[in-house]
Amino acid sequence: MENVLTKTSSSSADSDITRAPPNSLLPPKKEAGGWRSVKYILGNESFEKLASMGLIANLTVYLQTRFNMDGIQLVNVFNIWSGSTNVTPLLGAFLSDTYLGRFRTLIFGSTASFLGMVVMSLIAGIPNLRPLHCTGGSNCQKPKFWQLGVLYLGLGLVAIGAGGVRPCNIAFGADQFDTRTEKGRAQLESFFNWWYFSFTVSLVIALTVVVYVQTNVSWVIGYGIPAACLFFSIVIFLIGKHTYIITKPQGSVFVDMAKVIVAACKKRATSLESTPENSFYDPPWIESDQPVTKLAHTNMFKFFDKAALIADPSELDDKGLPKNSWRLCSVQQVEQLKLVIGLVPVWITGIGCFITMDQMNTFGLMQAIQSNNKIHNFKIPPGWMGLSSMICLSTWIFIYEQIYLPHAKKRSKKNVRLTMRQRINTGIVMAILCMVVAGIVEKNRRETALKQGSLLSPQSILLLLPQFSLSGLNEGFAAVAVMEYYTNHLPESMRTLAGAIFFLSFSASSYLNTAIVNVVHHVTAKLGKTPWLGGRDLNKVKLDNFYYLIAGLALLNLLYFNLFSCRYLEKNADKRPGSRHEDKGLELNENV
């Protein structure tokens with residue numbers, strides 16, 4: 001074998017030759033990132049989603065049948081926990097961007113979720129950790145304070161875990177590709193497709209196999225499966241560590257927005273009248289590898305302009321930089337906050353849409369529990385009702401993207417996509433219909449159960465499919481459109497924030513729904529002979545009236561959207577200097 005030789009130069013002999021070090025014979029080290037990293041990330045994501053959905057899909061059934069919770073307590077626990085799992089991602093995003101980085105945040109989040117599922121499995125397996133089993137009626141043993149404490153510990157750990165996983169899983173996968181190249185952008189698009197595929201497969205398995213095991217086999221095994229899945233997700237993620245591109249924390253936009261608010265409040269007494277444009281701190285833009293868009297100064301929400309106002313030259317140092325970043329901010333930071341505030345009107349509309357979806361996750365499943373679930377000697381788990389929502393949503397997207405659009409484009413060269421306003425309006429209408437249909441079905445279910453004198457109604461569980469399907473269409477039209485609006489409205493550098501705001505709207509709807517449920521329960525219990533809500537037995541309340549109330553609120557949301565917030569869809573479609581829609585305004589990208 002020939003020796004590998006290298007030339008060295010010296011003062012005495014330029015031709016001296018020495019043997020190369022042995023390390024040069026080793027194969028070159030593979031570059032980090034790319035698909036060799038993503039396979040581990042997708043494996044981690046698949047197992048994590050299977051575990052989380054295995055808990056969420058059937059939690060309502062578990063709380064009622066194993067913790068003997070009545071309707072009000074059950075809804076409060078579920079909604080507050082659900083809201084918390086959508087708030088913690090904001091904290092997780094902040095810690096990830098500012099201190100920990102995405103890799104460490106994902107590890108901590110996955111570990112917290114695993115510990116939470118272990119606690120839930122222990123509760124299911126140790127009888128003393130929950131009240132005595134009750135087959136029905138109103139005289140069931142209530143859970144003790146310390147038993148609820150253990151339950152809340154498990155759910156709390158899962159919520160903390162969601163805060164670490166949700167804001168980082170997609171972003172960490174995207175970090176593995178170089179989007180500055182055409183190849184990298186194509187790989188990233190393919191990654192999103194595979195991510196959604198793995199998410200859908202995990203969701204189907206969770207809503208079928210895991211829910212069936214929990215309902216008809218064993219809650220211990222049913223919760224043990226998600227716990228095992230989370231353990232495997234952590235192992236798979238750690239195995240791939242040597243292949244990852246791990247970026248350092250770059251700072252959080254949340255801090256910048258907080259600085260703007262504080263700085264504007266400090267200068268609240270300062271007048272902006274007749275203020276020249278050059279009085280604002282707007283440093284020269286420095287190009288970087290990061291996808292950051294330069295935002296021009298606008299006249300919206302002028303109060304916050306005070307944060308960028310140079311009220312005194314002493315606010316700048318010798319290099320022209322702010323001495324105190326909590327007193328003087330750049331125009332860029334101010335405009336970022338304005339963009340977020342501009343989302344609020346449509347954000348409120350989204351909350352109204354999501355409240356309807358919340359009813360199906362709680363009261364809808366309670367209806368399923370007290371319906372006849374036998375079909376030819378096969379018992380349909382109540383948790384399977386959520387499948388109809390998912391199937392309806394997926395079917396609509398498939399028909400719209402693969403059938404309607406291709407045929408419509410052949411007939412017309414114009415933009416044939418439904419506008420964002422049309423889709424949000426359609427989603428709100430679906431929400432109204434969902435509640436009306438649910439009220440009609442529930443009234444019939446209760447009357448047939450009372451007529452028969454039993455807890456369970458002879459009405460088939462299949463009659464609940466229309467309301468769950470309409471809930472899925474509400475999500476397919478309105479929720480997807482609202483998320484798309486957030487993404488298009490904010491520049492690329494703030495896309496992570498768009499996702500956090502979207503999850504925050506789910507959280508707000510859960511908390512608002514909790515307040516509505518408790519107010520309705522207390523008011524109707526005092527004023528009416530039969531309360532609309534309360535107790536473990538739906539036959540003793542008038543849930544149908546509550547559904548009609550939510551339908552009325554959805555109607556108000558429809559009016560609010562068309563009379564007020566829809567104008568922000570058009571107003572925020574104005575072109576922004578430096579954006580990719582600079583010449584044509586905001587061209588809605590509706591690829592879901």
Side-chain angles (χ1 to χ4, degrees), residues 59-60 63-64 67-87 138 142-143 145 148 151-152 155 159 344-345 347-367 369-370 428 431-443 445-446 467 471 474 478 503-561 564-565:
L59 182 60
T60 296
L63 294 179
Q64 185 177 42
F67 266 79
N68 304 332
M69 290 189 180
D70 59 33
I72 300 301
Q73 185 182 19
L74 186 154
V75 171
N76 288 340
V77 171
F78 183 90
N79 284 335
I80 292 174
W81 173 75
S82 178
S84 299
T85 58
N86 289 310
V87 166
S138 304
K142 296 294 182 182
F145 180 79
L148 288 175
L151 174 67
Y152 296 157
L155 294 177
V344 172
W347 183 75
I348 294 174
T349 297
I351 293 174
C353 296
F354 302 149
I355 285 180
T356 302
M357 294 161 52
D358 288 337
Q359 310 313 321
M360 294 300 99
N361 294 329
T362 51
F363 291 120
L365 290 180
M366 292 176 67
Q367 287 179 272
I369 293 173
Q370 291 188 231
I428 298 175
I432 296 172
L433 293 176
C434 173
M435 291 293 93
V436 172
V437 171
I440 295 173
V441 172
E442 168 57 19
K443 184 178 181 180
R445 188 210 61 77
R446 184 181 70 251
Q467 66 193 61
S471 177
N474 170 29
F503 282 122
L504 186 61
S505 60
F506 276 105
S507 176
S509 71
S510 296
Y511 291 140
L512 180 58
N513 185 45
T514 300
I516 293 173
V517 166
N518 283 276
V519 170
V520 169
H521 168 63
H522 288 297
V523 172
T524 57
K526 289 182 178 180
L527 301 181
K529 295 181 180 179
T530 303
W532 292 5
L533 303 171
R536 298 183 69 248
D537 187 358
L538 292 181
N539 300 331
K540 297 181 179 180
V541 296
K542 292 186 176 181
L543 177 61
D544 49 318
N545 288 347
F546 177 74
Y547 280 149
Y548 297 143
L549 172 64
I550 299 299
L553 294 178
L555 180 60
L556 292 177
N557 189 35
L558 181 65
L559 295 175
Y560 163 79
F561 174 70
F564 179 69
S565 68

Residues that [X] engages under side-chain contact (heavy atoms from CB on, under 4.5 Å), provided they are two or more places apart:
X	value
Val523	Val519, Leu527
Leu63	Leu59, Met69, Leu74, Val77, Leu151
Ile516	Ile355, Leu512, Val520, Phe546, Ile550, Leu553
Asn76	Ile72, Thr514, Asn518

Excluding sequence neighbours, so at least two apart, what forms ring-ring contact (aromatic ring centres under 6.0 Å, His included) with [X]?
X	value
Phe564	Tyr560, Tyr568
Phe78	none
Phe503	none

What are the two closest heavy atoms between [X] and [Y], and how far apart are they?
X	Y	result
Cys353	Asn474	O-ND2, 3.0 Å
Gly83	Tyr511	C-OH, 3.4 Å
Ala525	Pro531	CA-CB, 4.1 Å
Val541	Gly534	CG1-O, 3.1 Å
Phe506	Asn86	CB-ND2, 3.4 Å

Any pair counted as side-chain hydrogen bond (donor to acceptor under 3.5 Å, both in side chains), so long as it reaches residues 545-555, sequence neighbours left out =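 Pairs touching residues 545-555 that pass the test: Gln367-Tyr547.
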
Answer whether the closest heavy-atom distance between the side chains of Arg445 and Leu538 falls below 4.5 Å.
-> yes

Do the side chains of Leu533 and Thr524 get nearer than 4.5 Å, heavy atoms only?
->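 No, side chains not in contact.
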
Apply the side-chain contact (heavy atoms from CB on, under 4.5 Å) test between Ser510 and each candidate in Thr85, Val75, Asn361, Asn79; give the one that qualifies.
-> Asn79

What residues, two or more places apart in sequence or in another chain, satisfy side-chain hydrogen bond (donor to acceptor under 3.5 Å, both in side chains) together with [X]?
X	value
Asn513	Gln359
Asp544	Arg446
Asp358	Ser509

With rounding to the nearest 0.5 angstrom, report the [atom1] to [atom2] distance, [X] to [Y].
X	Y	atom1	atom2	answer
Ile428	Asn557	CD1	CG	4.5 Å
Asp70	Gln64	CG	CD	9.0 Å
Ser82	Phe354	OG	CZ	11.5 Å
Asn68	Arg536	CG	CZ	5.0 Å
Ser471	Leu433	OG	CG	12.0 Å
Leu148	Lys142	CG	NZ	10.5 Å

In short, ring-ring contact (aromatic ring centres under 6.0 Å, His included) pairs touching residues 516-544 with sequence neighbours left out are none

Donor-acceptor under 3.5 Å (Gln467 side chain, Gly364 main chain) = no

